[in-house]
J.: 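Before we start, here is the structure in question, set down as structure tokens.
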Amino acid sequence: LANNSNAMETSSEEECKGFPPPSASVDAHARPPLHDMDLLPADVVTILLAVTVRFFDSLRRYRKDRATREERERLREEINTRVDELKHAGEVETAIGERLKRYQKLRQLANALNLALAEDDLADCIVHGTAELVTGVDQVLLSLVNPDSLELQLKKVWRRREGPPVKAKRGDAFDHWVLRQGQPLLVEDVAHDFRFEQVSEKLERPVGALLAVPLTSKDRALGVLRLESSTVRGLGEDELRLIRIAGDLVSLGIENSRL
């Protein structure tokens, strides 16, 4: 019996050598640990490669788009700069053309003054020629100093349209200021110039802006050449400079007619 028992134990141990112990559980779905890329499944590698390629492709397109936008903005700014330069050049050319036309009219005025011998013809030439020089002027008044009485007298009036007659036949505060100061006068807003508030209220015609230049010869007062516009700021510094030149021509014409 002892021998049979030992033999059974020996055979049982030999039979159990090929099986795991009862307490050890076997997981049929367990995978071996992953240690390097070679052990990754093929689909995962493909996805990683696709993502990497797409990322770098998107980065390349982004940089290209940004460079294109910057180039487009640079070109747009350059085009705008060139357009502004062309506009400015066109404005300068237009301004030069207008000044040339004005100087041509000044020459025509000088020629007409040389041909006018009688004082009445001269006065008519002065007011019409002056009105041609300035666009937007509504009225031109020529007042001359009487050589005998030395009083200022209204000699000739040019109007763009019909209006009430000028009541101040011997000038008003504007004319007297020019004679007294011996300087040109520019009032861009007649109604709000504190120096002439009382006079502007008495004007029988609408006057928005006014300029006047003294007519002199050898420090002797000959009269006043005056331009009026019904528009506020309708006359400015450019017109004043032009009329000052015309005033010198007119003064010379008057002096020659009185010789």
Side-chain angles (χ1 to χ4, degrees), residues 99-160 163 165-187 190 196 199 203-205 207 209-229 234-259:
R99 290 189 177 183
L100 288 176
K101 290 180 181 179
R102 288 183 174 182
Y103 288 129
Q104 290 175 354
K105 292 180 180 179
L106 277 174
R107 179 180 295 179
Q108 295 173 0
L109 175 61
N111 295 333
L113 292 174
N114 290 331
L115 297 176
L117 299 177
E119 190 170 287
D120 289 340
D121 295 339
L122 182 66
D124 189 68
C125 177
I126 291 171
V127 294
H128 282 85
T130 305
E132 289 291 329
L133 290 175
V134 180
T135 57
V137 64
D138 295 310
Q139 190 160 253
V140 179
L141 293 83
L142 174 65
S143 301
L144 299 178
V145 175
N146 189 306
D148 299 325
S149 63
L150 300 180
E151 291 182 351
L152 190 66
Q153 296 177 352
L154 182 64
K155 185 67 178 179
K156 185 70 69 171
V157 177
W158 175 91
R159 292 189 181 92
R160 185 174 299 277
V166 179
K167 295 181 180 180
K169 302 298 182 180
R170 296 186 178 182
D172 54 16
F174 299 104
D175 303 309
H176 296 157
W177 187 95
V178 172
L179 279 181
R180 184 172 60 254
Q181 300 294 330
Q183 297 178 357
L185 173 66
L186 173 62
V187 183
V190 173
F196 306 104
V199 183
L203 291 174
E204 68 278 358
R205 58 194 180 278
V207 180
L210 174 150
L211 68 83
V213 295
L215 305 175
T216 59
S217 176
K218 298 178 181 178
D219 298 331
R220 182 166 56 91
L222 299 177
V224 176
L225 180 61
R226 171 171 161 178
L227 285 73
E228 296 177 355
S229 173
L235 301 171
E237 293 290 342
D238 290 340
E239 290 76 17
L240 180 59
R241 283 191 291 268
L242 185 65
I243 297 304
R244 291 185 69 175
I245 299 175
D248 293 337
L249 297 175
V250 169
S251 299
L252 183 59
I254 294 173
E255 185 70 16
N256 292 336
S257 68
R258 291 181 177 180
L259 292 178

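Sequence positions, counted from 1, serve as the residue numbers for this chain. Every value quoted in this text rests on a predicted model; they were computed, and no experiment measured them.
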J.: For Asp248, enumerate each residue passing the salt bridge (Lys or Arg N to Asp or Glu O under 4.0 Å) test, keeping only those at least two apart in sequence or located in another chain.
T.: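 If we apply the salt bridge (Lys or Arg N to Asp or Glu O under 4.0 Å) test to Asp248, skipping adjacent residues, there are no hits.
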
J.: Can you sort out the partners of Ser251 under side-chain contact (heavy atoms from CB on, under 4.5 Å), two or more places apart, ordered by chain and number?
T.: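 Listed in chain order: Leu215, Leu222.
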
J.: Going by the rule side-chain contact (heavy atoms from CB on, under 4.5 Å), which residues pair with Ala168 if we only count those two or more places apart in sequence or in a different chain?
T.: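 By the side-chain contact (heavy atoms from CB on, under 4.5 Å) rule, Ala168 matches Asp172.
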
J.: As an exercise, state the distance from CG of Leu152 to CZ of Arg170, rounded to the nearest 0.5 Å.
T.: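 Separation between the atoms: 10.0 Å.
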
J.: How far apart are the closest heavy atoms of Ala212 and Val224, and which atoms are they?
T.: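 That closest heavy-atom pairing would be CB-CG1, 3.9 Å.
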
J.: Looking only at atom types and distance, does a side-chain atom of Asp124 sit under 3.5 Å from a main-chain N or O of Asp120, one as donor and one as acceptor?
T.: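 Answer holds: no.
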
J.: Locate the shortest heavy-atom distance separating Gly247 from Val213; write the atom from each residue and the value.
T.: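 What the structure gives for the nearest pair is CA-CG2, 4.4 Å.
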
J.: Using the salt bridge (Lys or Arg N to Asp or Glu O under 4.0 Å) rule, take Lys218 and Glu255 through it: C-alpha gap first, then chi angles, then the decisive distance, then the call.
T.: CA-CA 10 Å; Lys218 298 178 181 178; Glu255 185 70 16; 5.6 Å; no

J.: Quick check for you: to the nearest 0.5 Å, what is the distance between Ser143 atom OG and Lys155 atom NZ?
T.: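 With rounding to 0.5 Å, OG (Ser143) is 11.0 Å from NZ (Lys155).
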
J.: More than 12 heavy atoms of other residues, nucleotides or ligands under 6.0 Å from CZ of Arg160: yes or no?
T.: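 Enclosed.
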
J.: Ignoring hydrogens and angles, write down the donor-acceptor pairs under 3.5 Å from the side chains of residues 234-246, residues two or more places apart or on other chains.
T.:
from: Asp238; atom 1: OD1; to: Arg241; atom 2: NH2; distance (Å): 2.2
from: Glu239; atom 1: OE1; to: Gly236; atom 2: N; distance (Å): 2.9

J.: For residues 130-142, dump all side-chain donor-acceptor pairs below 3.5 Å to protein atoms at least two apart in sequence or in another chain.
T.:
from: Thr130; atom 1: OG1; to: Ile126; atom 2: O; distance (Å): 2.6
from: Asp138; atom 1: OD1; to: Arg161; atom 2: NH1; distance (Å): 3.3
from: Asp138; atom 1: OD2; to: Ser230; atom 2: N; distance (Å): 2.7
from: Asp138; atom 1: OD2; to: Ser230; atom 2: OG; distance (Å): 2.8
from: Gln139; atom 1: OE1; to: Arg159; atom 2: NE; distance (Å): 2.9
from: Gln139; atom 1: NE2; to: Glu228; atom 2: OE1; distance (Å): 2.9

J.: Tell me, with the steps shown, if Leu106 and Arg102 meet side-chain contact (heavy atoms from CB on, under 4.5 Å).
T.: CA-CA 6 Å; Leu106 277 174; Arg102 288 183 174 182; 5.8 Å; no

J.: Could you report the tightest heavy-atom contact between Ile254 and Ser257, atom names first, then the distance?
T.: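 Taking Ile254 first and Ser257 second, the nearest heavy atoms are O-OG, 2.7 Å.
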
J.: How long is the gap from CD on Glu151 to NZ on Lys169, to the nearest 0.5 Å?
T.: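 Result: 15.5 Å between the selected atoms.
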
J.: Please determine whether side-chain contact (heavy atoms from CB on, under 4.5 Å) holds for the pair Leu144 and Glu119, giving the CA-CA distance in whole Å, both sets of side-chain angles, and the decisive distance to 0.1 Å.
T.: CA-CA 11 Å; Leu144 299 178; Glu119 190 170 287; 4.1 Å; yes

J.: State which residues pass salt bridge (Lys or Arg N to Asp or Glu O under 4.0 Å) with Lys156; sequence neighbours excluded, sorted by chain then number.
T.: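 Salt bridge (Lys or Arg N to Asp or Glu O under 4.0 Å) check on Lys156 returns nothing, list empty.
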
J.: May I ask you to test the Phe196-Leu210 pair for a side-chain heavy-atom distance under 4.5 Å?
T.: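 Not in contact.
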
J.: Identify the heavy atoms of Trp177 and Gln183 that sit nearest to each other, and give their distance.
T.: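 Nearest heavy atoms, Trp177 then Gln183: CZ3-O, 3.9 Å.
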
J.: Looking at every non-hydrogen atom in both residues, tell me the closest pair between Ala221 and Thr216 and how far apart they are.
T.: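 Reported closest heavy-atom pair: CA-CG2, 4.3 Å.
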
J.: Taking the side chain as every heavy atom from C-beta outward, state whether Leu113 and Cys125 have any atom pair closer than 4.5 Å.
T.: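 Yes; the side chains approach each other to less than 4.5 Å.
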
